[in-house]
K.L.:
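The structure that follows is given in the form of structure tokens.
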Amino acid sequence: MAASLASKWSRVGRSFLGGLDHKLSGFLSTSHEACSNSFSQQRSTFIQMRTVLKVVDNSGAKKVMCIQALKGKKGARLGDTIVASVKEAHPNGKVKKGKVVYGVVVRAAMQRGRCDGSEVKFDDNVVVLVDKQGQPIGTRVFGPIPHELRKKKHVKILTLAKHIA
């Protein structure tokens, strides 16, 4: 969809420049190709096994590695629960390195459509650690949290967040 839209706009730009200098038209087409190549390099995929995620709560963990996505065959998306292993941790935290924990994906690099037609996409993959019942381990959540978590029944995470996107 985005590629067809970009090619449509490049054709419109070339038609406007048809009567002008061809060098300028060639410059626009090469800059468009460079731009499309940079977008193709930034693939956004599901969070799957062996994906390293950042932790944005004060549970003590810094980074976790996904062991298994609890829902879906391809992997986890925004709001899904995963099983993860702690790879880096603060020395005095509640969670220690090597512990197997549950986490809720609160920011994902993969696009997710909203009902109003817009799409939400973040720069990195981030989780909040929870227990088996779905209650957060930490008492604070850092950074923006999308409101789609309300539909996934993670209201406690939303109440701990300062900024809801």
Side-chain angles (χ1 to χ4, degrees), residues 1-6 32-165:
M1 169 87 183
S4 64
L5 186 62
H32 167 69
E33 290 167 2
C35 185
S36 66
N37 287 339
S38 67
F39 285 130
S40 65
Q41 291 173 356
Q42 296 177 350
R43 293 186 322 163
S44 57
T45 59
F46 287 94
I47 294 168
Q48 52 195 354
M49 191 184 308
R50 298 181 62 92
T51 302
V52 177
L53 302 104
K54 216 163 78 170
V55 180
V56 290
D57 60 6
N58 62 347
S59 61
K62 293 181 191 176
K63 289 186 179 180
V64 295
M65 185 177 69
C66 178
I67 296 174
Q68 180 183 12
L70 293 181
K71 181 182 174 189
K73 293 180 182 178
K74 292 183 181 179
R77 294 184 71 180
L78 192 65
D80 290 342
T81 304
I82 63 168
V83 180
S85 171
V86 178
K87 290 298 173 185
E88 290 181 27
H90 291 287
N92 297 330
K94 295 178 187 174
V95 179
K96 303 297 181 195
K97 181 179 174 184
K99 186 175 179 184
V100 176
V101 293
Y102 289 92
V104 174
V105 179
V106 294
R107 291 198 295 261
M110 186 173 184
Q111 293 180 5
R112 173 148 183 156
R114 289 186 168 173
C115 54
D116 62 353
S118 64
E119 291 180 335
V120 62
K121 179 180 177 181
F122 294 97
D123 291 336
D124 51 356
N125 297 318
V126 172
V127 295
V128 170
L129 299 184
V130 295
D131 58 8
K132 287 186 178 184
Q133 289 77 31
Q135 299 299 316
I137 295 174
T139 57
R140 295 174 66 195
V141 175
F142 308 109
I145 305 297
H147 66 83
E148 281 86 4
L149 294 181
R150 189 175 310 277
K151 293 179 184 176
K152 299 275 189 165
K153 308 290 188 227
H154 299 295
V155 181
K156 182 70 176 174
I157 295 173
L158 285 171
T159 60
L160 294 177
K162 284 194 172 196
H163 181 68
I164 298 174

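Starting from 1, each residue takes its place in the sequence as its number.
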K.L.:
Considering only NZ, NE, NH1 and NH2 on the basic side and carboxylate oxygens on the acidic side, decide whether K152 and D80 come within less than 4.0 Å.
P.N.:
yes

K.L.:
Test side chain to side chain contact (heavy atoms under 4.5 Å, CB included) on V52 and K87; report intermediate values, then the result.
P.N.:
CA-CA 9 Å; V52 177; K87 290 298 173 185; 5.7 Å; no

K.L.:
Is the backbone of P144 close enough, under 3.5 Å, to the side chain of R107 for a donor and an acceptor to pair up by distance?
P.N.:
yes

K.L.:
Just by modelled atom types, is the H90 backbone N or O under 3.5 Å from a matching donor or acceptor in the K97 side chain?
P.N.:
no

K.L.:
Just by modelled atom types, is the G93 backbone N or O under 3.5 Å from a matching donor or acceptor in the K96 side chain?
P.N.:
yes

K.L.:
Can you name the closest pair of heavy atoms from M49 and I67 and give their distance?
P.N.:
CG-O, 3.4 Å

K.L.:
Looking at side-chain heavy atoms only, is the closest gap between P136 and V141 below 4.5 Å?
P.N.:
no

K.L.:
Measuring from K156:NZ to Q135:CD, what's the distance to the nearest 0.5 Å?
P.N.:
6.5 Å

K.L.:
Considering all heavy atoms of both residues, which atom of G75 and which atom of A69 are nearest to each other, and what is their separation?
P.N.:
C-CB, 3.8 Å

K.L.:
Can you tell me how far the CZ atom of R50 sits from the OG atom of S85, to the nearest 0.5 Å?
P.N.:
11.0 Å

K.L.:
So which atom in G138 and which in N58 form the shortest heavy-atom distance, rounded to 0.1 Å?
P.N.:
CA-OD1, 3.2 Å

K.L.:
Between the side chain of D57 and the main-chain N/O of V128, is any donor-acceptor distance below 3.5 Å?
P.N.:
no

K.L.:
Quick check: does any side chain N or O of N125 sit under 3.5 Å from a backbone N or O of L53, one acting as donor and the other as acceptor?
P.N.:
no

K.L.:
Around D116, counting heavy atoms of other residues, nucleotides and ligands shown, do more than 12 lie under 6.0 Å from its CG?
P.N.:
yes

K.L.:
For D123, look at atom CG and say whether over 12 heavy atoms of other residues, nucleotides or ligands are found less than 6.0 Å away.
P.N.:
no

K.L.:
Shortest non-hydrogen contact from A61 to L129?
P.N.:
CB-CD1, 3.8 Å

K.L.:
Please determine which of V130, I145, I82 meets the side chain to side chain contact (heavy atoms under 4.5 Å, CB included) test together with V104.
P.N.:
V130

K.L.:
Tell me, yes or no, whether the heavy-atom count around K71 atom NZ, taken from other residues, nucleotides or ligands under 6.0 Å, exceeds 12.
P.N.:
no

K.L.:
What's the separation between atom CD in Q48 and atom NZ in K74, rounded to the nearest 0.5 Å?
P.N.:
11.0 Å

K.L.:
Pick one: which of L149, V127, L78, L158 meets side chain to side chain contact (heavy atoms under 4.5 Å, CB included) with V106?
P.N.:
L149

K.L.:
Counting neighbours of NZ on K94 that are heavy atoms of other residues, nucleotides or ligands and sit closer than 6.0 Å, is the number greater than 12?
P.N.:
yes

K.L.:
Identify the two heavy atoms, one from Y102 and one from T81, that lie closest to each other, and give their separation to 0.1 Å.
P.N.:
CD2-CG2, 4.2 Å

